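Quick notes on the structure that follows.
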Protein chains: 2
Amino acid sequence: MVRYTISEIAKLCGTSPATVSRVLNNPGLVAEPLRDRIRKKMEEVGYKPNPFASRLSSQSRWGLALFVFDILNPFFALIVRKIGHLAMEQRIPLTVCDTENNEEKERIYLDYLLDNKIAGIIFAEGISIPTIERAQQQTETVLIDRHYREGLISEVTSDNYMGGRQATEYLLQLNHRNIGFIGGPSNWSSAEERLRGYRETLEENEIPFRKEMVFPGDLRFESGVRALEYFLTLPEWPSAIFSANDQMAFGVLSKANSLNISIPEDLSLIGFDDIPVYNLYTTILTAVRQDIDALCTTAFEIMLSKLNGESAGFEDGSEESRTVIPTTLKIGETCSKYTGSPARRVQRNG
Amino acid sequence: MVRYTISEIAKLCGTSPATVSRVLNNPGLVAEPLRDRIRKKMEEVGYKPNPFASRLSSQSRWGLALFVFDILNPFFALIVRKIGHLAMEQRIPLTVCDTENNEEKERIYLDYLLDNKIAGIIFAEGISIPTIERAQQQTETVLIDRHYREGLISEVTSDNYMGGRQATEYLLQLNHRNIGFIGGPSNWSSAEERLRGYRETLEENEIPFRKEMVFPGDLRFESGVRALEYFLTLPEWPSAIFSANDQMAFGVLSKANSLNISIPEDLSLIGFDDIPVYNLYTTILTAVRQDIDALCTTAFEIMLSKLNGESAGFEDGSEESRTVIPTTLKIGETCSKYTGSPARRVQRNG
DNA sequence: TTGTATGCGTTATCAA
DNA sequence: TTGATAACGCATACAA
């Protein structure tokens, strides 16, 4: 359990500490035989660099952080899991910051990370703009599924607009004309885009967009429950509901169940995300699938290239990239062709 | 954005770096007027210590890690959230390690953390013994809801045995005699304890324990679905089911729903954990509540005292503590008095 | 291609 | 109570 230092390795190999340091950071600068000898020796004695000494000397920042606003939401839990593994593969410490949708918590986490010279921060959807802007001035940043002003911060998002279209077009194909939409918080760009896809698809098909068919949710299960309750107060009930995420869709499903509204016979339902966890439910949700792995992998790669300084030098900010990951429609069991008056059975119970 | 150093602060205050360092680490050693002057100056220029220099010089370890086996499980997500906040309050970086129940991942995470001189690791239930043992030899460790050999590692657990008793006694009071149990993996001490509580309570009430009434689950939603399917293959169906966690209980609930088995009329159901998220479900689960906040807070405090060396010096290991947090029974809507033949309605569909 | 020497910002040991 | 000064382990500018 004794820790070796580069000087000791150097002595053992009859060379200088500088050379050992080079094989660690710039192997190309060391002649091959020497390099191999040093590497073998390090292996042999189990040498591990001291990260503190290394960072102190190189003056570099260290570590990554990931901000999510609700770790209980499986979509974000999956992001935490994936980014966690990617970071570990690169031996980069990752601090997970669950802000619980609270700006004060965001501020505290951020202060703390900046004090600790964090090398970069990945923000998932749901983090407030002031926090992101402040971070962006002092460290590397990448956004997942969140849109900021064009070209100022690198972002990786699903094609939320097209996803919104896919869902709506599918329902239209099934002859639904009266489609309810359950949205997200109004400052969430991803949910806004899904709404835009929904709206424009309707209008292109000459179905007027009616704002009473949009229920403002908060992406949680309960919002789905509330949304269905709300839609049932309308004079004309929707025959289909498109929810901006899976959790709310399951709220609808659960509430429908308890009201004896059967899905998809009485009501068609389509979600957004397609979280694998939910496939275990007895009813398989039809949903627009986001490719979470691709979102995370791409965001992480962008971050790595930033850390390696590969995009430095452009002072106009134009090197910030915007990557859009396509969505796909996964057909489950919760949509059916519209044939007549909606939700007849409900009227007995409602 | 210029970073000040202690030497600069010293110069500004007309003193030496050593003194400035003292007000940071040992304020008692510096006379009050000088101390206040230095503090004011640090405040004024926004001085932040360089963590790398500090760690290098003091040779101390740094940071904490938290191992969970499945971050998608809300019970563990809540632990991640709580420990994350506690760590942040203490300005201690926390690395969350989601091992996905995979020993190889555990090994990689652990290697990485030890290389980075992690100061301590908190293990939640579900992490394998070899990983814990290896960690314990090289860094501070605390277990949450996991039992290891007596007195060797500090642990904080719910009173799983009593929880098992509480649930079983409650069902017995409701006249249930035929109670199914859905367990966890056999090497999970917490689930084993719940089973023991169930078993002993039955036997004390002269109801024979029958092993066919125990379904081995894996704590996931789907296990609950499978469990109910299994119980319905038995010649004599249980009139009540006690699940070792909430997720599996919801699997039962969901499956029961699709089979037209109504809960609690046809079948009583009781879970374990009482995760707040689930309260949003239309049906409120009756469950044994674990006090997650207390589990986390206690575990974290123990870790802090270890980091401060407060329990050092005992070489026989006897300073390792074992804290048991009581559980309570939360009455929801999923249990009712047993009055006759079980699940009559099922027989029409089953 | 390799070695020497210096500095990174702190902490800690010794004297004063 | 305070001040010099030597580590801590590594990276790097410069010299060889």
Side-chain angles (χ1 to χ4, degrees), chain A residues 1-39 41-42 45-63 91 114-119 307-309, chain B residues 1-39 41-42 45-63 91 114-119 307-309:
Chain A
M1 274 319 298
V2 189
R3 304 287 291 216
Y4 283 77
T5 68
I6 51 171
S7 315
E8 291 168 323
I9 301 289
K11 206 160 288 174
L12 289 173
C13 294
T15 178
S16 76
T19 304
V20 178
S21 175
R22 283 189 194 101
V23 342
L24 251 26
N25 304 298
N26 250 323
L29 298 182
V30 179
E32 198 168 328
L34 215 204
R35 193 200 320 163
D36 288 350
R37 199 147 47 86
I38 293 176
R39 283 204 170 131
K41 184 56 78 180
M42 293 195 299
V45 305
Y47 168 77
K48 307 281 184 188
N50 180 320
F52 306 125
S54 168
R55 296 302 144 178
L56 173 59
S57 178
S58 66
Q59 290 293 84
S60 60
R61 292 176 161 272
W62 201 36
R91 311 285 132 147
L114 293 176
D115 288 355
N116 279 286
K117 300 168 174 289
I118 195 85
L307 296 189
N308 296 332
Chain B
M1 272 318 297
V2 190
R3 303 287 290 218
Y4 282 76
T5 68
I6 50 171
S7 315
E8 291 168 324
I9 300 289
K11 207 161 289 173
L12 289 172
C13 293
T15 179
S16 75
T19 305
V20 178
S21 176
R22 282 188 195 104
V23 345
L24 252 25
N25 304 298
N26 251 322
L29 298 183
V30 180
E32 198 166 329
L34 216 203
R35 192 199 321 163
D36 288 351
R37 199 146 48 85
I38 293 176
R39 283 203 170 131
K41 185 57 79 179
M42 294 195 299
V45 304
Y47 166 78
K48 307 280 184 187
N50 180 321
F52 305 125
S54 168
R55 297 301 144 179
L56 173 59
S57 178
S58 66
Q59 290 292 86
S60 61
R61 293 177 160 270
W62 202 35
R91 312 284 132 147
L114 293 177
D115 287 355
N116 279 286
K117 300 169 174 289
I118 195 84
L307 297 188
N308 295 332

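Given the structure is predicted, the values throughout are model-derived calculations rather than measurements. Below, chain A is the first sequence line, B the second, and so on; all start at residue 1.
The two residues A/P27 and A/N25 come nearest to each other via the heavy atoms CD-C, 3.6 Å. Listed here is the closest heavy atom pair of B/A10 and B/S16: CB-C, 3.4 Å. When every heavy atom of B/C13 is checked against every heavy atom of B/R37, the shortest pair comes out as O-NH1, 2.9 Å. Of all the heavy atoms in A/A119 and A/R61, the pair that sits closest is CA-CB, 3.6 Å. Residues A/F52 and B/N116 share a closest heavy-atom pair of CZ-O, 4.4 Å. Taking both residues in full, the closest heavy atoms of A/Y47 and A/I9 are given as CB-CD1, 3.9 Å, listed atom of the first, atom of the second, then distance.
Shown for residues 48-56 of chain A: residues whose heavy atoms fall under 4.0 angstrom of DNA chain D, namely A/P49, A/N50, A/A53, A/S54. Annotation: proximity of residues 9-21 of chain A to DNA chain D (heavy atom, distance under 4.0 Å) is found for A/A18, A/S21, numbered in ascending order.
Residue A/E8 contributes atom CD, which lies 8 Å from atom P of D/dG9 at whole-angstrom precision. Atom-to-atom, CG of A/N25 to P of D/dG9 comes out at 17 Å; the value is rounded to the nearest Å. Taking atom CG of residue B/N26 and atom C1' of nucleotide C/dA12, one finds them 11 Å apart after rounding to whole Å. One can place CZ of A/R37 at 12 Å from C1' of C/dT2, the figure rounded to the nearest angstrom. B/Q59 has its CD atom 10 Å from the P atom of C/dA12, to the nearest Å. Rounded to a whole Å, the CH2 atom of A/W62 is 16 Å from the C1' atom of C/dG9. Spacing between atom NZ of A/K117 and atom C1' of C/dC8 amounts to 10 Å, rounded to whole angstrom units. In this structure, A/R61 places its CZ atom 18 Å from P of C/dC8, rounding to the nearest Å.
Put simply, the side chain of A/N26 never gets that close to the backbone of A/G28: no donor and acceptor are under 3.5 Å apart. Not one N or O on the side chain of B/R22 forms a donor-acceptor pair closer than 3.5 Å with the backbone of B/V30.
You'll find that the side chain of B/A31 is closest to D/dT2, out of D/dT2, C/dA12, C/dC8. Listed nucleotides: C/dT2, C/dT10, D/dA11. Nearest to the side chain of A/L34: C/dT2. Checked against D/dT2, C/dT10, C/dT11, the side chain of B/V30 finds its nearest nucleotide in D/dT2. With distances taken from any side-chain atom of B/I6 to the nucleotides D/dG9, D/dA11, C/dT11, the minimum falls on C/dT11.
Relative ring orientation between A/W62 and B/W62 is described as parallel, the plane-to-plane angle staying below 30° on a 0-90° scale split at 30° and 60°.
Residues A/S7 and A/R22 both approach DNA chain D. Their nearest nucleotides, taken by heavy-atom distance, put A/S7 toward the 5′ side.
Looking only at side-chain heavy atoms (C-beta outward), B/L24 and B/M42 come within less than 4.5 Å of each other.
Put simply, B/Y4 has no side-chain N or O that comes within less than 4.0 Å of OP1 or OP2 on C/dT10. Considering only side-chain N and O atoms, A/Y47 lies nowhere under 4.0 angstrom from the phosphate OP1 or OP2 of D/dG9.
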